[in-house]
Amino acid sequence: MDMMNRVCKPYFNKFVIVFIDNILTYSKSEEDHTDHLKILLEVLRTETLYAKFLKCEFWLSEVQFLGHIINADGIQVDPFKIEAISKWETPKSQTEVRSFFGLVDGNEGFSVYCDTSHTGFGCVLMQGSKVIAYAS
């Protein structure tokens with residue numbers, strides 16, 4: 001991750017997003033996209049980094065990335081990711097609330113830690129000292 005951040009840093013917030021080993025290239029026009037792909041592929045070649053062609057997708061008008069849908073209309077939360085939450089029934093008793101948060105029988109409950117800024121957000125779902133899920 002550190003190496004990818006270093007290698008792609010000049011292009012962050014211009015046309016590249018990197019998350020672990022995923023690289024997302026975005027552009028406002030097809031001409032720009034052609035140039036951006038050439039630049040990115042040349043950077044990878046210069047650094048002797050390789051992309052597995054079978055995992056690559058090019059010229060997509062919409063992508064799913066880190067739980068979001070990105071397209072010409074902007075960025076939206078992937079509806080599939082929130083479907084389960086929207087179907088949860090509202091707890092109606094103290095026992096149901098405790099069960100919902102994993103507090104029954106002395107089990108450790110869930111904690112959510114969040115951090116936001118003008119350019120991004122992140123959160124971690126934990127149960128006790130164990131990470132259950134995270135988003136960035």
Side-chain angles (χ1 to χ4, degrees):
M1 182 74 185
D2 180 60
M3 179 181 61
M4 291 305 297
N5 283 331
R6 182 180 41 79
V7 167
C8 295
K9 185 176 182 175
Y11 310 108
F12 287 163
N13 297 322
K14 295 178 183 171
F15 61 88
V16 170
I17 298 172
V18 174
F19 184 74
I20 303 178
D21 63 349
N22 295 301
I23 303 170
L24 176 67
T25 304
Y26 57 92
S27 310
K28 291 186 179 188
S29 70
E30 288 188 18
E31 296 80 20
D32 286 347
H33 200 60
T34 300
D35 294 339
H36 295 158
L37 285 173
K38 286 179 183 177
I39 291 168
L40 182 60
L41 292 171
E42 185 58 39
V43 166
L44 294 176
R45 181 185 318 174
T46 301
E47 297 291 328
T48 59
L49 298 170
Y50 301 93
K52 190 170 190 174
F53 187 72
L54 293 175
K55 291 186 175 184
C56 296
E57 297 180 281
F58 297 97
W59 302 103
L60 301 175
S61 58
E62 181 174 281
V63 296
Q64 290 179 292
F65 190 73
L66 302 178
H68 294 80
I69 303 291
I70 304 167
N71 57 31
D73 296 328
I75 301 173
Q76 299 86 31
V77 174
D78 185 345
F80 180 76
K81 297 290 186 183
I82 59 173
E83 182 179 358
I85 295 169
S86 64
K87 290 183 177 181
W88 282 344
E89 291 189 28
T90 304
K92 300 196 181 0
S93 69
Q94 184 177 11
T95 302
E96 287 178 359
V97 170
R98 290 173 53 87
S99 177
F100 181 83
F101 285 103
L103 298 173
V104 176
D105 298 328
N107 292 332
E108 291 188 63
F110 291 97
S111 301
V112 177
Y113 298 93
C114 301
D115 189 22
T116 62
S117 69
H118 291 290
T119 58
F121 70 93
C123 60
V124 178
L125 172 64
M126 299 183 72
Q127 184 172 26
S129 62
K130 294 182 181 176
V131 174
I132 306 298
Y134 62 92
S136 175

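These numbers come from the heavy atoms of this one structure, side chains and all, not from hydrogens, waters or symmetry mates.
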- prompt: F15, V7: one ILVMFWY side-chain cluster at the under-4.5 Å cut-off?
  reply: yes

- prompt: When rounded to the nearest 0.5 angstrom, what distance separates NE2 in H33 from CG in L60?
  reply: 8.0 Å

message: If hydrophobic clusters are built from ILVMFWY residues whose side chains come within less than 4.5 Å, do F12 and Y26 share one?
response: no

task: State plainly whether one hydrophobic cluster holds both M3 and L44, where clusters connect Ile, Leu, Val, Met, Phe, Trp and Tyr through side-chain heavy atoms under 4.5 angstrom apart.
output: yes

query: Is a donor on one side and an acceptor on the other found under 3.5 Å between the side chain of K14 and the backbone of P10?
result: yes

Single-linkage hydrophobic cluster L24~V18, side-chain heavy atoms < 4.5 angstrom: no

message: Surrounding OH of Y134 (heavy atoms of other residues, nucleotides or ligands, distance under 6.0 Å), is the total greater than 12?
response: no

message: For the CH2 atom of W59 and the CG atom of L37, what is their distance to the nearest 0.5 Å?
response: 6.0 Å

message: Counting only heavy atoms not in E42 (residues, nucleotides, ligands), do more than 12 fall under 6.0 Å from its CD?
response: yes

- prompt: Around atom CG of N5, are there more than 12 heavy atoms of other residues, nucleotides or ligands at under 6.0 Å?
  reply: yes

- prompt: At what distance, to the nearest 0.5 angstrom, does CZ of F58 lie from OG1 of T25?
  reply: 8.5 Å

- request: To the nearest 0.5 Å, tell me how far L41 CG sits from T46 OG1.
  value: 10.5 Å

query: Got a second to check how far T34's OG1 is from I39's CD1, nearest 0.5 Å?
result: 11.0 Å

field: Over 12 foreign heavy atoms within 6.0 Å of CD, E57
entry: no

